[in-house]
> 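Handing you a structure now.
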Amino acid sequence: MTHSVTAAWLYEHLADPQVAIADCRFSLADPQLGRQQYQSSHIPGAYYLDLNRDLSSPVGQHGGRHPLPNVTELTVKLSAMGITSQTTVVAYDDSRLAFAARLWWLLRYLGHERVTVLDGGFQGWLAAGYPATSALPVTKAGEFIPKIQLGQVVDKEAVKARKDLPGVALVDAREGDRYRGEREPIDPVAGHIPGAVNYPWQEVTDDRGYLKPLTEQQQRWKDLESSEIIVYCGSGVTACVDLLSLELAGFSTGKLYAGSWSDWISYSEGVGSRE
(Lines give C-alpha, C1' and ligand atoms only; values in the text may rest on other atoms or scores of the structure.)
Protein backbone atom coordinates (compact mmCIF):
# COMPACT_ATOMS: atom_id res chain seq x y z
CA MET A 1 0.00 0.00 0.00
CA THR A 2 1.38 3.37 -0.99
CA HIS A 3 1.75 5.85 1.86
CA SER A 4 0.16 8.77 -0.02
CA VAL A 5 -2.25 9.39 -2.88
CA THR A 6 -2.78 12.39 -5.11
CA ALA A 7 -5.93 14.45 -5.37
CA ALA A 8 -6.37 13.09 -8.92
CA TRP A 9 -6.29 9.51 -7.64
CA LEU A 10 -8.81 10.25 -4.92
CA TYR A 11 -11.14 12.03 -7.34
CA GLU A 12 -11.10 8.96 -9.59
CA HIS A 13 -12.00 6.76 -6.60
CA LEU A 14 -14.70 8.89 -4.95
CA ALA A 15 -17.37 6.35 -5.88
CA ASP A 16 -15.27 3.30 -5.04
CA PRO A 17 -17.04 1.37 -2.23
CA GLN A 18 -13.66 0.08 -1.07
CA VAL A 19 -12.35 3.60 -0.37
CA ALA A 20 -13.24 5.49 2.83
CA ILE A 21 -12.23 9.13 3.32
CA ALA A 22 -11.47 10.66 6.71
CA ASP A 23 -11.37 14.42 7.23
CA CYS A 24 -8.96 15.00 10.14
CA ARG A 25 -8.80 18.78 10.16
CA PHE A 26 -8.22 20.20 13.62
CA SER A 27 -6.84 23.26 15.41
CA LEU A 28 -5.10 22.94 18.75
CA ALA A 29 -5.86 26.62 19.36
CA ASP A 30 -9.58 26.20 18.56
CA PRO A 31 -10.73 22.59 19.05
CA GLN A 32 -14.13 23.25 17.44
CA LEU A 33 -12.73 24.74 14.24
CA GLY A 34 -12.00 21.52 12.38
CA ARG A 35 -15.52 20.18 12.81
CA GLN A 36 -16.97 23.55 11.79
CA GLN A 37 -14.82 23.58 8.67
CA TYR A 38 -15.89 20.05 7.85
CA GLN A 39 -19.57 20.86 8.24
CA SER A 40 -19.12 23.82 5.92
CA SER A 41 -17.06 22.15 3.22
CA HIS A 42 -15.32 18.81 2.76
CA ILE A 43 -14.39 16.24 0.15
CA PRO A 44 -17.55 14.42 -1.00
CA GLY A 45 -18.15 11.27 1.02
CA ALA A 46 -15.64 12.14 3.76
CA TYR A 47 -16.39 11.39 7.39
CA TYR A 48 -15.03 13.60 10.16
CA LEU A 49 -12.72 12.25 12.84
CA ASP A 50 -11.94 14.68 15.64
CA LEU A 51 -8.47 14.59 17.24
CA ASN A 52 -9.82 15.06 20.76
CA ARG A 53 -13.07 13.09 20.55
CA ASP A 54 -12.20 10.28 18.13
CA LEU A 55 -8.43 9.92 17.81
CA SER A 56 -7.59 10.41 21.51
CA SER A 57 -9.01 9.44 24.87
CA PRO A 58 -9.66 11.83 27.79
CA VAL A 59 -6.63 13.40 29.44
CA GLY A 60 -5.55 11.97 32.78
CA GLN A 61 -2.77 12.66 35.28
CA HIS A 62 -0.34 10.79 33.05
CA GLY A 63 -0.44 9.70 29.42
CA GLY A 64 0.03 13.09 27.83
CA ARG A 65 -2.32 15.61 26.23
CA HIS A 66 -3.62 13.18 23.60
CA PRO A 67 -3.66 9.64 25.03
CA LEU A 68 -4.35 6.88 22.54
CA PRO A 69 -8.08 6.42 21.92
CA ASN A 70 -10.27 3.72 23.39
CA VAL A 71 -9.97 0.93 20.81
CA THR A 72 -13.54 -0.28 21.22
CA GLU A 73 -15.00 3.19 20.70
CA LEU A 74 -12.78 3.91 17.70
CA THR A 75 -13.67 0.52 16.20
CA VAL A 76 -17.36 1.46 16.29
CA LYS A 77 -16.65 4.77 14.53
CA LEU A 78 -14.48 3.16 11.85
CA SER A 79 -17.10 0.48 11.22
CA ALA A 80 -19.75 3.21 10.78
CA MET A 81 -17.57 4.61 7.99
CA GLY A 82 -17.97 1.28 6.19
CA ILE A 83 -14.41 0.20 6.84
CA THR A 84 -13.55 -3.49 6.56
CA SER A 85 -10.23 -5.27 6.11
CA GLN A 86 -10.52 -4.62 2.36
CA THR A 87 -11.11 -0.86 2.64
CA THR A 88 -8.47 1.68 1.69
CA VAL A 89 -8.69 4.62 4.09
CA VAL A 90 -7.54 8.04 2.85
CA ALA A 91 -6.84 10.58 5.60
CA TYR A 92 -6.50 14.32 4.97
CA ASP A 93 -6.20 17.60 6.83
CA ASP A 94 -5.02 21.15 6.09
CA SER A 95 -2.08 21.16 8.51
CA ARG A 96 0.75 19.51 6.59
CA LEU A 97 -0.40 16.03 7.66
CA ALA A 98 -0.19 16.82 11.39
CA PHE A 99 -3.55 15.16 12.11
CA ALA A 100 -3.98 12.92 9.06
CA ALA A 101 -0.75 11.15 10.01
CA ARG A 102 -2.19 10.47 13.48
CA LEU A 103 -5.00 8.45 11.87
CA TRP A 104 -2.53 6.84 9.46
CA TRP A 105 -0.44 5.65 12.41
CA LEU A 106 -3.44 4.63 14.52
CA LEU A 107 -4.87 2.42 11.80
CA ARG A 108 -1.54 0.70 11.29
CA TYR A 109 -1.25 0.28 15.07
CA LEU A 110 -4.66 -1.41 14.90
CA GLY A 111 -3.38 -3.74 12.18
CA HIS A 112 -4.97 -2.02 9.18
CA GLU A 113 -2.33 -1.59 6.48
CA ARG A 114 -4.67 -0.18 3.82
CA VAL A 115 -4.31 3.44 4.87
CA THR A 116 -2.80 6.41 3.12
CA VAL A 117 -2.68 10.20 3.37
CA LEU A 118 -3.84 12.74 0.79
CA ASP A 119 -0.77 14.54 -0.50
CA GLY A 120 -1.38 18.29 -0.39
CA GLY A 121 -4.40 17.90 1.88
CA PHE A 122 -7.69 19.71 1.51
CA GLN A 123 -6.06 22.86 0.16
CA GLY A 124 -4.39 20.84 -2.59
CA TRP A 125 -7.72 19.22 -3.41
CA LEU A 126 -9.40 22.61 -3.81
CA ALA A 127 -6.45 24.08 -5.72
CA ALA A 128 -6.79 21.27 -8.26
CA GLY A 129 -10.39 22.28 -8.88
CA TYR A 130 -12.04 19.23 -7.38
CA PRO A 131 -15.47 19.49 -5.72
CA ALA A 132 -16.35 20.07 -2.09
CA THR A 133 -19.67 19.68 -0.34
CA SER A 134 -21.45 20.31 2.95
CA ALA A 135 -23.58 17.16 2.59
CA LEU A 136 -22.95 14.67 5.39
CA PRO A 137 -22.38 11.02 4.46
CA VAL A 138 -24.70 8.32 5.75
CA THR A 139 -23.66 5.77 8.34
CA LYS A 140 -22.54 2.50 6.78
CA ALA A 141 -22.36 -1.07 8.00
CA GLY A 142 -18.70 -1.94 8.05
CA GLU A 143 -16.83 -4.33 10.27
CA PHE A 144 -13.49 -3.04 11.43
CA ILE A 145 -11.61 -5.70 13.36
CA PRO A 146 -8.61 -4.33 15.28
CA LYS A 147 -5.45 -6.37 15.56
CA ILE A 148 -3.32 -4.29 17.90
CA GLN A 149 0.39 -4.14 17.06
CA LEU A 150 1.85 -3.63 20.52
CA GLY A 151 5.39 -3.39 19.17
CA GLN A 152 4.64 -0.06 17.50
CA VAL A 153 4.14 1.91 20.72
CA VAL A 154 6.20 2.47 23.87
CA ASP A 155 5.54 4.08 27.24
CA LYS A 156 7.69 6.21 29.53
CA GLU A 157 9.30 3.25 31.25
CA ALA A 158 10.36 1.75 27.91
CA VAL A 159 11.81 5.10 26.82
CA LYS A 160 13.79 5.39 30.05
CA ALA A 161 15.08 1.84 29.75
CA ARG A 162 16.00 1.93 26.06
CA LYS A 163 16.86 5.46 24.99
CA ASP A 164 20.57 5.27 25.85
CA LEU A 165 21.19 1.76 24.55
CA PRO A 166 23.48 1.23 21.55
CA GLY A 167 21.45 1.04 18.34
CA VAL A 168 18.51 2.96 19.78
CA ALA A 169 17.68 6.51 18.66
CA LEU A 170 15.22 8.79 20.45
CA VAL A 171 13.80 11.39 18.05
CA ASP A 172 12.04 14.61 19.08
CA ALA A 173 9.73 15.72 16.26
CA ARG A 174 8.94 19.21 17.57
CA GLU A 175 10.23 22.51 16.18
CA GLY A 176 13.86 23.24 16.96
CA ASP A 177 13.18 26.05 19.41
CA ARG A 178 10.81 23.89 21.44
CA TYR A 179 13.34 21.03 21.40
CA ARG A 180 16.05 23.41 22.63
CA GLY A 181 13.77 24.77 25.36
CA GLU A 182 13.85 28.31 23.97
CA ARG A 183 10.06 28.41 23.55
CA GLU A 184 7.25 26.30 24.96
CA PRO A 185 3.77 27.50 23.97
CA ILE A 186 1.79 24.50 25.26
CA ASP A 187 3.42 22.44 28.00
CA PRO A 188 4.39 23.76 31.47
CA VAL A 189 8.03 22.65 31.16
CA ALA A 190 10.40 23.46 28.30
CA GLY A 191 13.22 21.31 26.96
CA HIS A 192 13.52 17.75 25.68
CA ILE A 193 14.08 14.23 26.91
CA PRO A 194 17.83 13.80 27.60
CA GLY A 195 19.56 12.05 24.72
CA ALA A 196 16.96 12.91 22.10
CA VAL A 197 17.91 14.21 18.65
CA ASN A 198 15.75 16.69 16.76
CA TYR A 199 14.01 15.97 13.43
CA PRO A 200 11.20 18.56 13.16
CA TRP A 201 8.03 17.16 11.62
CA GLN A 202 7.50 20.22 9.41
CA GLU A 203 10.52 19.19 7.33
CA VAL A 204 8.62 16.20 5.95
CA THR A 205 6.44 18.39 3.71
CA ASP A 206 6.82 21.68 1.86
CA ASP A 207 4.93 24.77 3.00
CA ARG A 208 1.91 23.77 0.89
CA GLY A 209 1.59 20.40 2.59
CA TYR A 210 3.03 18.22 -0.14
CA LEU A 211 5.41 15.45 0.85
CA LYS A 212 8.99 16.15 -0.15
CA PRO A 213 10.46 13.74 -2.74
CA LEU A 214 11.53 10.27 -1.73
CA THR A 215 15.20 11.14 -2.16
CA GLU A 216 14.84 13.98 0.36
CA GLN A 217 13.04 11.72 2.83
CA GLN A 218 15.90 9.21 2.57
CA GLN A 219 18.55 11.92 2.84
CA ARG A 220 16.85 13.30 5.93
CA TRP A 221 17.36 10.11 7.91
CA LYS A 222 20.64 8.87 6.42
CA ASP A 223 22.72 9.69 9.51
CA LEU A 224 20.36 7.92 11.90
CA GLU A 225 22.00 4.50 11.87
CA SER A 226 19.87 2.81 14.50
CA SER A 227 18.11 -0.53 14.64
CA GLU A 228 15.35 0.95 16.81
CA ILE A 229 13.91 4.45 16.50
CA ILE A 230 11.52 5.90 19.08
CA VAL A 231 9.75 9.10 18.07
CA TYR A 232 7.93 11.60 20.29
CA CYS A 233 6.58 15.14 20.07
CA GLY A 234 4.46 17.17 22.47
CA SER A 235 1.55 14.74 22.76
CA GLY A 236 2.05 11.91 20.28
CA VAL A 237 0.34 13.57 17.31
CA THR A 238 2.88 15.28 15.03
CA ALA A 239 5.45 12.57 15.82
CA CYS A 240 3.36 10.45 13.45
CA VAL A 241 4.47 12.69 10.57
CA ASP A 242 8.07 11.71 11.30
CA LEU A 243 7.02 8.06 11.49
CA LEU A 244 5.42 8.44 8.05
CA SER A 245 8.66 9.97 6.75
CA LEU A 246 10.67 7.08 8.20
CA GLU A 247 8.46 4.61 6.36
CA LEU A 248 8.79 6.58 3.14
CA ALA A 249 12.57 6.50 3.57
CA GLY A 250 12.54 2.73 3.94
CA PHE A 251 12.85 2.42 7.72
CA SER A 252 10.48 -0.02 9.39
CA THR A 253 11.75 0.44 12.93
CA GLY A 254 9.87 3.53 14.05
CA LYS A 255 7.92 3.38 17.32
CA LEU A 256 5.74 6.03 18.91
CA TYR A 257 6.15 7.21 22.48
CA ALA A 258 2.43 7.86 22.67
CA GLY A 259 2.45 10.10 25.74
CA SER A 260 5.43 12.06 24.44
CA TRP A 261 6.83 15.17 26.16
CA SER A 262 3.57 16.02 27.94
CA ASP A 263 3.59 12.58 29.56
CA TRP A 264 7.32 12.65 30.33
CA ILE A 265 7.08 15.89 32.32
CA SER A 266 4.04 14.64 34.27
CA TYR A 267 6.38 12.56 36.42
CA SER A 268 8.58 14.25 39.01
CA GLU A 269 11.68 12.55 37.65
CA GLY A 270 10.84 13.49 34.07
CA VAL A 271 12.96 16.61 33.90
CA GLY A 272 13.94 17.94 30.52
CA SER A 273 17.26 18.86 29.07
CA ARG A 274 18.36 21.96 27.22
CA GLU A 275 21.69 20.46 26.19
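Just so it is clear, the values below take in all heavy atoms, side chains as well, and ignore hydrogens, waters and symmetry mates.
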> What do you reckon, are the aromatic ring centroids of H42 and Y48 less than 6.0 Å apart?
no
> Report the C-alpha separation of R183 and E175 in whole Å, then their side-chain angles, then the decisive distance to 0.1 Å, and conclude whether the side-chain contact (heavy atoms from CB on, under 4.5 Å) test is met.
CA-CA 9 Å; R183 178 181 70 94; E175 302 96 316; 3.7 Å; yes
> Can you give me the closest heavy-atom contact between W9 and V19, atom names plus distance?
CH2-CG2, 4.1 Å
> From H62 NE2 over to S262 OG, what is the distance, rounded to the nearest 0.5 angstrom?
12.0 Å
> Using a 4.5 Å cut-off on heavy atoms from C-beta on, say whether the side chain of L97 contacts that of D119.
no
> Mind checking side-chain hydrogen bond (donor to acceptor under 3.5 Å, both in side chains) for R208 and listing every partner two or more places apart, or none if nothing turns up?
none
> Quick check against the 3.5 Å criterion: does Y257 have a side-chain atom that pairs as donor or acceptor with the backbone of S235?
no
> Just checking, any donor-acceptor pair under 3.5 angstrom between side chains of T116 and W104?
no
> Going from CD1 on I83 to CG on L107, what distance comes out if it is rounded to the nearest 0.5 angstrom?
6.0 Å
> Taking all heavy atoms of A80 and all of Y47, pick out the closest pair and write down the distance.
O-CE2, 4.0 Å
> Drop me the distance from R114's CZ to T84's OG1, to the nearest 0.5 angstrom.
8.5 Å
> Any chance you could measure N70, atom CG, to S57, atom OG, to the nearest 0.5 Å?
7.5 Å
> Would you tabulate the side-chain donor-acceptor contacts of residues 126-149 under 3.5 Å, counting partners in other chains and residues two or more places apart, or write 'none'?
from : atom 1 : to   : atom 2 : distance (Å)
T133 : OG1    : A135 : N      : 3.0
Q149 : NE2    : K147 : O      : 2.6

> With respect to S245, which candidate in Q217, E203, E216, K212 satisfies the side chain to side chain donor-acceptor pair (under 3.5 Å) definition?
Q217
> What pairs of residues pass the salt bridge (Lys or Arg N to Asp or Glu O under 4.0 Å) test when at least one of them lies in residues 73-90, not counting sequence neighbours?
D54-K77
> Can you tell whether the side chains of R108 and E247 come within less than 4.0 Å, N to carboxylate O?
yes
> Name all residues meeting the side-chain hydrogen bond (donor to acceptor under 3.5 Å, both in side chains) criterion together with T238; count only those two or more places apart in sequence or in a different chain, and write none if there are none.
none
> L106 versus L68: any side-chain heavy-atom pair under 4.5 Å?
yes
> Main chain of L248, side chain of H3: is a donor-acceptor contact present, judged purely on distance under 3.5 Å?
no
> Where do P188 and I265 come nearest, in terms of heavy atoms and distance?
CD-CD1, 3.8 Å
> Please name all residues satisfying ring-ring contact (aromatic ring centres under 6.0 Å, His included) with Y92, sequence neighbours left out, ordered by chain then number.
F122
> Measure from the side-chain N and O atoms of R96 to the backbone N and O of Q202, and report whether any donor-acceptor pair falls under 3.5 Å.
yes
> Which pairs would a plain distance check flag for residues 165-173, meaning a side-chain donor or acceptor within less than 3.5 Å of a matching protein atom at least two apart in sequence or in another chain?
from : atom 1 : to   : atom 2 : distance (Å)
D172 : OD1    : R174 : N      : 2.9
D172 : OD1    : R174 : NE     : 3.1
D172 : OD2    : R174 : NE     : 3.3
D172 : OD2    : R174 : NH2    : 2.7
D172 : OD2    : Y232 : OH     : 2.6

> Report yes if some heavy atom in the side chain of I43 is under 4.5 Å from a heavy atom in the side chain of L10; otherwise report no.
yes
> Quick one: closest heavy-atom pair of G64 and V59, and the distance?
O-CG1, 3.8 Å
> Below 4.5 Å, heavy atoms only, C-beta onward: do W221 and D242 meet side chain to side chain?
yes
> Establish whether V197 and V231 are linked, either directly or via other cluster members, by ILVMFWY side-chain heavy-atom contacts under 4.5 Å.
yes
> Does the side chain of H66 pick up a donor-acceptor pair with the side chain of S56 at under 3.5 Å?
no
> Can a donor-acceptor pair be found, under 3.5 Å and without considering hydrogens, that links the side chain of T87 to the backbone of V89?
no
> Check whether any side-chain heavy atom of L55 sits under 4.5 Å from a side-chain heavy atom of D50, and report yes or no.
no
> Using 0.5 Å steps for rounding, measure from the CG atom of L211 to the OG1 atom of T6.
12.0 Å
> Taking NZ, NE, NH1 and NH2 as the nitrogens, is one of them in R178 or D187 under 4.0 Å from a carboxylate oxygen of the other?
yes
> Between D93 and F26 (side chain of the first, backbone of the second, donor and acceptor by atom type, cut-off under 3.5 Å), is there such a pair?
no
> How many angstroms lie between atom NE2 of H112 and atom OG of S85, to the nearest 0.5 angstrom?
8.0 Å
> Contact between T75 and S79 at the side-chain level, heavy atoms closer than 4.5 Å - yes or no?
yes
> Within the distance-only criterion (no hydrogens, no angle test), does the side chain of T2 pair as donor or acceptor with the backbone N or O of S4 below 3.5 angstrom?
yes
> Ignoring hydrogens and angles, tell me if any N or O in the side chain of S260 forms a donor-acceptor pair with the backbone of C233 under 3.5 Å.
yes
> Minimum heavy-atom separation for H192 to Y179, with atom names?
ND1-O, 2.6 Å
> I'd like to know if the side chain of D23 and the backbone of R25 have a donor-acceptor N/O pair within less than 3.5 Å.
yes
> Answer with yes or no whether the hydrophobic clustering places L256 together with V71; edges join I, L, V, M, F, W, Y residues whose side-chain heavy atoms lie under 4.5 Å apart.
yes
> Any chain of hydrophobic side-chain contacts (each under 4.5 Å) joining L118 to L14?
yes
> V159 and side chain to side chain contact (heavy atoms under 4.5 Å, CB included): which partner among E157, K163, K156?
K163
> For residues Y210 and G124, report the shortest heavy-atom separation together with the two atoms involved.
OH-CA, 3.4 Å
> Please tell me if the side chains of T88 and Q18 come closer than 4.5 Å, counting only heavy atoms from C-beta onward.
no
> Within the structure provided, determine whether Q37 and D94 are in side-chain contact (heavy-atom separation under 4.5 Å).
yes
> Check whether W261 reaches the backbone of V189 with its side chain - one donor and one acceptor, N or O, closer than 3.5 Å.
yes
